[in-house]
Every structure is written in structure tokens, then in C-alpha cells.
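Values reported hereafter were calculated over all heavy atoms of this structure, with side chains retained and with hydrogens, waters and symmetry mates removed. Everything quoted here is computed from the prediction, not taken from an experiment.
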Amino acid sequence: MEKPSDGTVSYQPRFYGPNLGLVMELYEKYVQDPNSVDEEMKRHFDQWGPPIDNQTKTSTNHLSLQSEVQVEKIIAAVTLVNKIRAYGHLAADIYPLKDHKREYELFDLARFDLTKEDLEKIPARLICPDAPNHIINGYEAVQYLKEIYTKTIAFEYYHVNDIKEKNWLQSKVESGSLKPACHKELKRKLLKRVIEVEEFENFLHRTYVGQKRFSIEGLDTMVPMIDKIISESVLNGAQNINIGMAHRGRLNVLAHVLEKPYEMIFAEFQHAPNKQLVPSEGSIGISFGWTGDVKYHLGLDRQIKSNNVSNVRLTLANNPSHLEFVGAVVEGFTRASQDDRTKPGFPAEDSNKSLAILIHGDAAFPGQGIVSETLNLTGLKGYRTGGTIHIIANNTIGFTTESSDSRSTRYASDLAKGFEIPIIHVNADDPEACIKAAKLAIEYREKFKKDFLIDLIGYRRYGHNEMDEPMTTNPLMYKLIHEHPTITKLYGEKLVAENVINEEDIQALKEEVTRKLKEAHDRVPKKNEDPDITNPPNSVERQLPKVKTAVPIEQLKQINSELLSYPSQFQVFDKLGKVLKRRNDALEGEGKIDWSLAETLAFATILEDGTPIRLSGQDSERGTFAHRNIILHDYVTGKQYSPLHTLSKAKASFAVHNSPLSEGSVLGFEYGYNVHAPETLVLWEAQFGDFANAAQVMFDQFIAAGRAKWGQKSGLVMLLPHGYEGQGPEHSSARLERFLILAAENNWTVANLSSSAQYFHILRRQAAILNKEEVRPLVIMTPKSLLRNADVASNGLEFSEGAFHSVLEVDNTGQNDNAVTRLVLSSGKISIDLYQAHKKLENAEAIHLARVEEIYPFPEERLTEIIQRYPNLKEVVWVQEEPKNMGAWSFMEPRIRKLISDSISLQYVGRRRRSSPAEGDPIVHRKDQARIVNEALTME
């Protein structure tokens, strides 16, 4: 191709459109210094000159270098419009209280050495290719872009690096499809919706004076925005919509989005009797578990009809006061709804089936680290959900702390830029703009399967709750709020001015909504009655059902053979190959099954039983201690092979994922996954047990208490490596005491195991109870050094004929019960240390060892049986590695004491009370460990 001879400037097609601005900026550098751009661009500019649109050749306003417009003016115009695109939000009308300066001066023509006349000589298509046809010249294009980018809806997408996404977003914004314009019927519906939202809050305010409700007022348009997201998503095929939000506006979302009957909400305010008041609805009452929760923490899970599509499952997740932590749980809900677990192999994902909507607080979004941890899950294969719609319910204040004191960024949403999430800032006083923002969010998610964020900027009508007086701490802000009209008044006046509706119709709408609220209130019993104080239901209080967990030896051998078979051309690393080869004879004769093989056999048999499995953790494929190797890697090609995905008789899916270095978000995700996929055995593994510390909120507020508060069942398994090997305080203790402190009402099982067969059986037991009422989470203190210890490995008969034992006794055959005077109780790794030392004692008949494998529920019946077996028992000793104020001692001591007579003493042997869980010096550790074992076994 040759340079045109007519004086016009052409350019290669790849520089057309939204790329043109970037190329113009490069050309500006080239003009100043030809060597400042790369060789390819230099050659292009040398040959073709400035990069002007091919289409301008045929335009009546075509350009040439010799006439009409200087190249510098074109470059300046392109720079101007790019500044508008990138920084228009700084001048946008996005703050309802008008309390932020709008930075119009950024786009003054003089700053770019431009005049109106200069811009009028430039074709609009050159600087804004997506502008409507009536936009002719550059000046009109600039005015048009200012209108688009600086009104009540503002855009930030320049941080999105994917050029296809950025071009798509720019085209969507500048084509005019997002200009806030609605037809009359939609405007009337919008007005009716915000009237419903506002009148509901007004009714609660008048009727339940002084009661907390954390009203939505000031962000009322969030409800029609969520409506729009849901309706569009259902049209795109979504069958499950999962919402996570804190307490601000929660009651209104329950009432109007999830359609929770007003009667049920009013009954919770006045503690009405727990009985059915609404036909076809469940019983009312605030205690959805047995201890219950406050009304603005409660969620709801129901089937709705949207866009004439029935059986859409809509879930608002229960959420305690830890605000943003629920986001990870909801992501787990969503992935569980998207996975098809009915067939062997990895579950098939379908992101169209389910959508997550996360509603954040403007102080919490940048303030709580769990937000960043959860955002990091969005692109990971084990945790992606095809894009989440985020809404920041931005009332520009957190409790009494204003934005200037709560974050270091301009916007609450700035954290999302690091994950290249497009952001829209929208004025909550403009319902039409809010609907357009919601529509763009869904369209982007549908096309790119990625997250989108809407920063809904409003205010808070009252204090943090309706009992606070904000004028004492935020007088300037609340002076503006008290003078500011409500959304109903603002939008109503706008529609009256547009002849869409008249004042009489608006008043009639308000009266109709108020009438419905009053009628619902009148149906709730007037007499305030004390709610019933309830205990856990029988299904919770009773012990786990007896289930058969043994597996025939021939079945185990067949499985083991398949697990050890991989393609002949697949090249396993030699060292690992030798380990796998040793497993060939594990089920034969005197063979032994170590911890990792026991786990794999358990997984395989569970899959053959038809139960899906999902395992995740920071190194779950290989195992932190190189013990699992459940995914094999060809050490030459890097290809992967998964034996558990090739089992001939598997009836369900198996998923294993190495997780990001985030305990909080990943554990929350797995908990949410399990809640929404209760038939699935979901396991989360900490890299070291103490890493669970970083997920303490999930343990405290969700896993331990969720069923008591919300009736939310879970069978989640948590694997926490635990045991003292001289690796210092942070790699020793999984903080067993914390789980025992939280243990009550059969809320979970806490185990500290010492044999591979025990691990096999407890996993199979957990899988067998997943869909039963007695299901509960399982916390297992798993070993580290014991993974390859011969005394932990079990023989095949213990798998084919055995069962799980809450208390395990070893080598007590032939024992003289009358000779035993000391019973030594322990749990986990120290049990193996005691066993090995006990074998070496010359006179060991006076000491009997018993391992408490299941610490909670406390095995009272089994321990009583053991204690009563020894008529001459003088003392019971509890031995642990952990310091006295940690581990199980504080939990076990009062319970054991109840089982023994006054003539039997109860002793503690272990480390002294300490503030740190373990020594940092391995020599000191070994010395103290030897002392503990010696003291436990030395008769004085």
C-alpha cells in the first residue's frame, strides 16, 4: 500500500475506533521525538503520518496536513476526549447532597490549547466513533461526551486492561444506550416502587418507635436496582439468585425483593406468637434456629416468579454483624448452584444458572480485608462464579465516621480497580440512572463472565440506627440531610413536570401502599407475648446415627488397583513413583495403610456410594506435607492425571482445588458451597492448623452458631494439621481449645485422631449423614509427622471390618484389669509418643493407655465403661502437648472429674500455662516433650 497522493491521511484499520486515542498520544510523542516510540509505530508514522480515521477520507469534513486543522489540534482533541472518559467522574453529579466539588475545570478547552472553532473543524467520528449520527463535529462530540460522563451516572473503566472489554464498555457508554431515559410506563413503575420502599420505612418508624431497623432511606433506589438485576438475569437463564448484604436496608430488601410478607416482619418487631398467620407461608417468629437472631440479620430462601419464569430460587444469606464476611459465603452458594455434581470427574460449571449479588457498605468495602480476599476468588477456576454484581450502598458515612477518616482513597470502590472491575458511580436520587447502571452491569457480566461494581451514592436519613442522634457527631452532613427532599418527592416532582403523572395519582399510590401496610399490621396479634424459649430439636440433641462405614476388602483392593493405574506414557517423578508402588501391597497380608492412602480410599468409596466430594486448601492437590498427591504430574510434560477421576464405579463428581493464600474467604466459600449443596462432602484444609486463626469469624459466627441462630445446616469438614514437632509456635497448634470453647448443643464434632483407619471411618460416617437431620460440621486435628508413622498406619481388616471409635484402646488384650492403677488419657499425636514409650517400659501393666479420638461430643459412656473396668484405679492422668491453658484440658477436666469417684485423683501432665502455644527452639521442645511423656508413664 502506498501513501495517498491526495493529501489525506490514512491509517491501518487496527488503529481505528477506541484505539485511536492511544495511537494519537503515541503520535504526539513521535512528533516531539521520533525515537520515543517503538520501531513498529515509528515505521508506521514515518510512512503514514498522523493516525486519522480512514472514514474521514470520504467525509465532507475530510482533513489534510496542509489545510483546515493542524495535527496538534487533532492530538489535543483526542487527549481532551480521553480525559473526559477517564476523569469525567470527577465532575459528575453523583452526590445527592451536593457536598462534593465538581471538577469542571479539568475539561476547559484552554487547558488543551483548543477553542470551539478548532473543535468544529474536526469530524465527530474522528474522536468519538460511537456518537449518534446527529453529532457532526468535534465540538458537538465534546459536549456530548461531557453530557454522558458528568451527569448522575459516571464511569470508571480505564483501569480495565483487556482492550476488548474496554472497547465494549466505551461503545456502550458513548452510543447513547445508557442515557437515563425511560418510557412513561416504566417511570410510573419506578415511582410506585420507591413509594413502596419509602412508605414501608415510614410505617415502621411510626409504628415501632425507637426500635432499630437500619433503614434504607437515602438509598431507596437500591430496591428497583436489584429488581432490574434479577429480572435481567432470569431472562438470561439464571435459576438461582444469591444476595449477600449487611443490615442497612435489609428489612426492605426482604419485604420487596424476596417478598417476605409484611405480617411476618411486623410479628418480629412485636414478638408475636410463633404461628402461621399468612396462608401458604411458613410460621412467623424470629427464632429460625433455636436461639435465633435479630431481625436485621435474618435471611430468607424462597422460590419466586420473575419475568413469568417460575421456580427461581432467591436467597438472601443470613448475615451476622461482621458485614462483609458473608460475601465469601454467598460466592460459595453461587458456585454450588452452578456445578453439576451428578457425574464422575470435575463438576461441569454453568455460570448462567446462578448469580451472586453482593451489597457492600461504603466504609466496610475498603475497610475489611475479607473483601479483597473474596474479590481475588473471581478469576480462579476453583472459585469463579461467572461474575458477581457488586453494589456499594454508599451513604458516605460509617456509623459516625465520615469518609475522610475511614479510607485513604477518593472512592469507596477504588479497591475494585486492582481487580480490573468496571465501576459505575450513580446518584441514588436518580432512579432512571440506577436502572441503566443495573442493565449495563448485567450485560457486561453476561458477555464477559466477570464482576461489575455499582457505587450507589446516597445518604443515610437517620443515624446509624434509628435511636442515634447524628447531629451530635455529624452536624454539617445532617443539616444537609434534614433539608434534602426524599426520593419520592424528588422523583414525583420530576414526573409531574414531565406530564407522566399528576399529584393526585401520587397521593393515591401512597395511600394504597399505606393501606396494605396497615391491613397486614392488623392481622398480627396485638398482644405482645414472650417468645418461646426453645432448646435444640431432638434431631440435633441426639447422637449421630449408627452407620456402617466398613468396606469389603475385595472392593478396597479393586479401588487400590485403579488408583495405582495411570497411562503407560505418563511419567511420574521417580521419588513419588516409589511411594505409589509401595501401596500395591498395602491391603495384602501384613501390609499397612498409611494416612494418605486411607484418605484416598475413603474418597473413592464415598464416590462409589454416589456422594460428590469437594476438597480445597492452599496445597490440597499435593498436600502441604507432600503426602496426598491426589493429582499426579508428568515431570517431563507437566500434564496432570487424576486417578480419582478414572474410577470405574464412581457415581458422583470429585473436585480438588489448590486455593489462594486466604483462609477467611476460602473457608467462607466452602461453608457456603456446603450449605447450598448439602449432599456434597465438602472439605477445607488449612496449610497448618493455626492458619485457621485467620478465618476465626467464619468459625465463630457461621459454622459454630449458624444452625442455632438461623437453622442453617452444614456438614463441612475442616482438616487442621496439628501436633508439636519443634517447628515453633505458629506451626504447632491448631488452637484446639477454641473449637472446644465453641462446642455446645451438638453443634459440631471435634476429633483428634491417631490412626489411619479412624480417619477412613470418620470421613465415611460424615458422608453418610450429610442429608440427615443429625448432620453437623466436623473439625479434625490432622497430623503432620504422623502421616508416615508406622504406628498410625492400619491393616486392611480395620477398614473392611472396623468402625469409628470415639475412644481407642491399643494392645489391651491379655491385660490384668486388677493390676491397673493409672489410666492415661490423651488425644492425637501425643498418644503415639506415649504408645511408643509405653512399649519400652519393663513394668507397664499398672498403666493403661486410652486415646480420646472424638473429644466433642464428649464420649461419656465410653470413658465410663473404661474407668469402671479397673477396680483398683487410683488416678486418671490427662496428657497433652499443648500448654495447660490451651488444648483440651480445660474442656476435659470437669467432665472427667464427674466420671470418677473421690478416691481417684485426676492429674494434668503437659506444658505449663503459656501465652505462646509452643517453644521456638527445637532442642527445648524435645526436652520438654520427653519430660511430658516420662512424667505421664513414671509411677512414683
Side chain to side chain contact (heavy atoms under 4.5 Å, CB included) evaluation trace for V666 with S616: CA-CA 8 Å; V666 175; S616 84; 3.7 Å; yes
Pair E554, Q558: side-chain N/O donor-acceptor within cut-off below 3.5 Å: no
Within 45° cone of Y673 ring axis and under 6.0 Å: R614 NZ or CZ: yes
Greater than 12 external heavy atoms within 6.0 Å of K651's NZ: yes
Flag for W290-E745: side-chain donor and acceptor within less than 3.5 Å: yes
Verdict with reasoning, E798 to Q758, per side-chain hydrogen bond (donor to acceptor under 3.5 Å, both in side chains): CA-CA 9 Å; E798 293 177 80; Q758 286 281 88; over 6 Å; no
Centroid-centroid under 6.0 Å between Y908 and W889 rings: yes
Closest non-hydrogen atom pair, E773 against S539: CB-CB, 3.4 Å
Side chain proximity check, E588 to K557, heavy atoms < 4.5 angstrom: yes
side-chain hydrogen bond (donor to acceptor under 3.5 Å, both in side chains) evaluation trace for S714 with R707: CA-CA 8 Å; S714 168; R707 193 165 185 183; over 6 Å; no
Donor + acceptor pair across side chains of D609, T611 (<3.5 Å): no
Beyond-backbone contact of P871 with N818, side-chain heavy atoms, under 4.5 angstrom: yes
Working for side chain to side chain contact (heavy atoms under 4.5 Å, CB included), residues V540 and N535: CA-CA 10 Å; V540 173; N535 293 317; over 6 Å; no
Sequence neighbours excluded - ring-ring contact (aromatic ring centres under 6.0 Å, His included) pairs with any residue from residues 606-630: F625-F688
Whether F739 and F699 hold their rings parallel, tilted or perpendicular, with breakpoints at 30° and 60°: perpendicular
Side chain proximity check, M718 to L683, heavy atoms < 4.5 angstrom: no
Test log, rule side chain to side chain contact (heavy atoms under 4.5 Å, CB included), inputs F760 and E599: CA-CA 6 Å; F760 174 87; E599 178 186 75; over 6 Å; no
Residue pair L825 / V879, side-chain heavy-atom distance below 4.5 Å: no
Side chain to side chain, S754 and K829, heavy atoms closer than 4.5 Å: no
Ring centroid separation H676 to F333 under 6.0 Å: yes
Atom CD of E861: over 12 foreign heavy atoms under 6.0 Å: no
Working for side-chain hydrogen bond (donor to acceptor under 3.5 Å, both in side chains), residues N658 and Q618: CA-CA 5 Å; N658 287 339; Q618 283 148 23; over 6 Å; no
Side-chain H-bond candidate by donor/acceptor type, D791 with Q836, under 3.5 Å: yes
Pair E809-R869, side chain to side chain contact (heavy atoms under 4.5 Å, CB included): steps then yes or no: CA-CA 13 Å; E809 296 180 273; R869 187 193 304 153; 2.7 Å; yes
NZ/K874: more than 12 non-hydrogen atoms of other groups inside 6.0 Å: no
Interatomic distance, N318 atom CG to K709 atom NZ [nearest 0.5 angstrom]: 8.5 Å
Pair R851-S826, side-chain hydrogen bond (donor to acceptor under 3.5 Å, both in side chains): steps then yes or no: CA-CA 5 Å; R851 307 173 187 176; S826 60; over 6 Å; no
Under 3.5 Å donor-acceptor, K784 side chain and G723 backbone: yes
Closest contact, heavy atoms only, E881 versus R911: O-NH1, 2.7 Å
Heavy-atom side-chain contact between V717 and I780 under 4.5 Å: yes
Polar side chain donor-acceptor pair, Q712 to Y671, under 3.5 angstrom: yes
Centroid separation Y759 to W595 less than 6.0 Å: yes
Y870 side chain to Q815 side chain, donor-acceptor N/O pair below 3.5 angstrom: yes
